[in-house]
Amino acid sequence: MSIKIVGVDGAVREGSKTRALLEVTGEAIVRNGGAFDWLSQATEPLPIFDGKSQTAQHPAVQRLFALSRDADAFILSSPEYHGSMSGALKNALDWMTSDFGGVDVSGKLFGLVGGGGAMGNSGAIVQMMMAVRSMHGWVMPDVMVSATNIWEAVESSPARIVDDKLMARVDVFAAKVVGYASRFQEMRLRMAA
Ligand SMILES: Cc1cc2nc3c(=O)[nH]c(=O)nc-3n(C[C@H](O)[C@H](O)[C@H](O)COP(=O)(O)O)c2cc1C
């Protein structure tokens, strides 16, 4: 059974480095035997969550729902914006589990990536962990990708990592996401039987 991994882009900014990092991570997931699909907020920006079923009909929201329904695991990508996760990622998470067609992500695996300045996206990572915990998901604990000075390590057009150490970490991360996601898939199937 294939392992479906869904990336959620937490940046709307044109030329976003964290989006490029997510794209390269997706390629590494495919090299490691997983299937990868993602929501790019460059081309499909989500409207602000407003708790209205009419807004939930927006094509980007509907695509997020469809991707999330089938996912075995998620990769959340956030830049460090003011020591925090981006509003765009938080907004995506608010839609993902909403009562207007959102999905139950409990028992699903989440890998975290992103970047920022000297401390990478450490503030965003802490917040992503808290958000995933409140959605009853499992954050992959041992490998995360937090790119320091991401503007030097990642090119956005085309998406490319130019720092060898960061690329090596992305490769290990991708292999672990695919490996753990397949264990989680087995566990969910056993629990449902
Ligand atoms: C509004 C804003 C706030 C930022 N705040 C921080 C910060 O608190 N710490 C940090 O290291 N970098 C900060 N940065 C730098 C970004 O992390 C960096 O530009 C990164 O490339 C942003 O990701 P993006 O290219 O995906 O937008 C900030 C950038 C913006 C636009």
Side-chain angles (χ1 to χ4, degrees), residues 5-31 34 36-50 58-61 63-64 67-68 71 73-96 110-135 137 139-141 143-174 176-177:
I5 298 175
V6 166
V8 182
D9 173 17
V12 180
R13 203 177 71 76
E14 199 182 326
S16 158
K17 301 288 184 177
T18 53
R19 180 180 312 115
L21 175 61
L22 179 61
E23 211 175 329
V24 175
T25 304
E27 291 163 6
I29 283 167
V30 172
R31 277 199 304 281
F36 183 76
D37 203 350
W38 64 304
L39 183 86
S40 163
Q41 294 216 55
T43 50
E44 297 176 277
L46 293 159
I48 290 284
F49 175 77
D50 61 0
H58 188 286
V61 177
R63 204 167 100 78
L64 178 67
L67 286 172
S68 304
F74 296 90
I75 310 291
L76 305 183
S77 170
S78 175
E80 186 88 341
Y81 283 168
H82 299 311
S84 315
M85 124 169 70
S86 66
L89 180 66
K90 179 60 169 56
N91 186 50
L93 298 180
D94 293 343
W95 276 119
M96 185 189 273
F110 286 75
L112 310 180
V113 304
M119 295 199 299
N121 68 336
S122 52
I125 285 209
V126 169
Q127 295 191 326
M128 289 193 269
M129 289 169 76
M130 288 166 64
V132 171
R133 193 200 163 283
S134 85
M135 299 190 301
V139 176
M140 199 171 73
V143 183
M144 294 169 188
V145 179
S146 176
T148 53
N149 299 331
I150 191 170
W151 48 85
E152 291 171 1
V154 176
E155 289 177 359
S156 52
S157 182
R160 197 163 79 94
I161 292 177
V162 292
D163 178 289
D164 291 346
K165 281 190 183 156
L166 179 62
M167 191 62 231
R169 189 164 183 92
V170 165
D171 277 330
V172 173
F173 172 83
K176 288 219 172 187
V177 170

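All figures in this text were calculated on a predicted structure; none of them were measured in a lab. Ligands are counted one by one from 1 in listed order, and the atoms in each one are counted from 1 as well.
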Which atom pair, heavy atoms only, marks the closest approach of P45 to H58? O-CE1, 3.7 Å

Show, in sequence, the C-alpha distance, side-chain angles and deciding distance for R13 and T18, and conclude whether the side chain to side chain contact (heavy atoms under 4.5 Å, CB included) test is met. CA-CA 10 Å; R13 203 177 71 76; T18 53; over 6 Å; no

How far apart are the closest heavy atoms of K17 and S156, and which atoms are they? NZ-N, 4.3 Å

Give the table of side-chain donor-acceptor pairs shorter than 3.5 Å for residues 113-126, with sequence neighbours excluded, one pair per line with atom names and distance.
| unit_1 | atom_1 | unit_2 | atom_2 | d |
| --- | --- | --- | --- | --- |
| N121 | OD1 | S146 | OG | 2.9 |
| N121 | ND2 | S78 | O | 2.9 |
| N121 | ND2 | V113 | O | 3.4 |
| S122 | OG | M119 | O | 3.1 |

Hey, is CZ on R63 packed in by over 12 heavy atoms from elsewhere, all under 6.0 Å? yes

What are the distances between nitrogen or oxygen atoms of ligand 1 and protein nitrogen or oxygen atoms, counting only those under 3.5 Å?
| unit_1 | atom_1 | unit_2 | atom_2 | d |
| --- | --- | --- | --- | --- |
| ligand 1 | 5 (N) | H82 | N | 2.8 |
| ligand 1 | 8 (O) | H82 | N | 3.2 |
| ligand 1 | 8 (O) | G83 | N | 2.9 |
| ligand 1 | 11 (O) | G117 | N | 2.8 |
| ligand 1 | 14 (N) | E80 | O | 3.3 |
| ligand 1 | 17 (O) | E80 | O | 2.9 |
| ligand 1 | 25 (O) | R13 | NH2 | 2.7 |
| ligand 1 | 25 (O) | K17 | N | 2.8 |
| ligand 1 | 26 (O) | S16 | OG | 2.6 |
| ligand 1 | 26 (O) | K17 | N | 3.4 |
| ligand 1 | 26 (O) | T18 | N | 3.1 |
| ligand 1 | 26 (O) | T18 | OG1 | 2.5 |
| ligand 1 | 27 (O) | R13 | NE | 2.8 |
| ligand 1 | 27 (O) | Y81 | OH | 2.6 |

If you compare all heavy atoms of R31 against all heavy atoms of M167, which two are closest, and at what distance to 0.1 Å? NH2-CE, 3.6 Å

